[in-house]
Amino acid sequence: MARTGIVKDHRYMEHVASTYHPESHQRLEVLYQMLEEPEMKETLVEIKPRMATQEELELIHVPRYIQLVASTADHACVMLDPDTYACSKSYETAKLAAGGTLAAVDEVLRGKLNNAFALIRPPGHHAESNRAMGFCLFNNVAIAAGYAVRKYKVKRALIIDWDLHHGNGTQHSFYDRADVLYFSTHQFPYYPGTGFANETGSGAGKGFTVNVPLSPGPGDAEYAEVFEEILEPVALEYEPEIVFVSAGFDTYYQDPLGGMQVTPEGFANLARIVLNFAKETCGGKVVFVLEGGYHLEGLRDSVREVLKTLRGDHLDGRRGEKLREAVDHRMIDPVIKKVKETQKPFWKNL
Ligand SMILES: [Zn+2]
């Protein structure tokens, strides 16, 4: 059994909108309740979060924007973009979300834990260097990857973003850098509008952004096919020293925001694929960071299965074999072919 950490803190529920919002504190409420179930309790190690420092936020965000978010503290709610609220405790909560992710990185890169899942909010992957977007204030996963490079001298970090939406903020943070590879599967065309297959990076970062834009419809088998046909060969060639997963669960088959068909078992299978190649390239150092996922039961059941995979329950390859026979090739082969053709100049393995 692996030593798996979780970042969990009730202060993450203090970012509360004044009216109904899908990105609500209830998302963590159901997850934290699930962690108390007998089969989960005492199998996971709690990681104490901390506030990210100004310097750490500045790994990704400009001071003027950090100041803007800070100015919302202890005030009535304001909208920072049409979808993104900041209320009196949001600044503190967002700093704790970024800092909680950094605490997970510390534990994993110092070898105290094998892997970890930061069960935090607000989410981060839409947040740009200079503005809030899509429910996100600070870009937790991008700050964490920047931190791994700066503090631990990591030369290659891989971010896998399986959220329903494209992580525009994360992509832009590292678009011209080779030390952080960004891979995303996302519904397309859809919010936020970025993530075309031909967005592959620029300058020194050319080839270190891999986008897989998907029409609605793919489920467990098709996602697994994309991961095995594109992500795995690229990751094995890139040889990351740490792997991050921007883990959104809005591709769940009943999620109110999405058109994908992934089940809790499907998420566990994707986690298995990631852990297996991470074992080869970096001894399995993987940090999962919660992004979206708005169907509460679906979120709870999916995160439970992923946590079980992280601690070592589902690493058996047979799970994947069954899914291989179920792939709808008519649905998924055209996009796989297109992405492979686009990325071939950069990756021998494709
Ligand atoms: Zn999302």
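Excluded from the calculations below are hydrogen atoms, water molecules and symmetry mates; all remaining heavy atoms, backbone and side chain alike, are included. Just so you know, ligand 1 is whichever comes first in the structure, and atom 1 is the first atom listed for that ligand. All values derive from a computational prediction rather than experimental measurement.
A donor and an acceptor atom, one from each side chain of Asp106 and Tyr147, are located under 3.5 Å apart.
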Evaluate the side-chain contact (heavy atoms from CB on, under 4.5 Å) criterion for residues Asn114 and Val286: first the C-alpha distance (whole Å), next the side-chain angles of each, then the deciding distance (0.1 Å), finally the verdict. CA-CA 8 Å; Asn114 299 105; Val286 182; over 6 Å; no
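If you look at Tyr238 and Phe208, their ring centroids are closer than 6.0 Å.
Using the six-membered ring where Trp is involved, Tyr65 and His61 have ring planes that are tilted, between 30° and 60° apart.
Taking the N/O/S atoms of Asp250 in turn, the shortest distance to the Zn ion (ligand 1) belongs to OD2. As for Asp163, its N/O/S atom nearest the Zn ion (ligand 1) is the one called OD1.
For a distance bound of 2.8 Å, the N, O or S atoms of His165 include one lying that close to the Zn ion (ligand 1).
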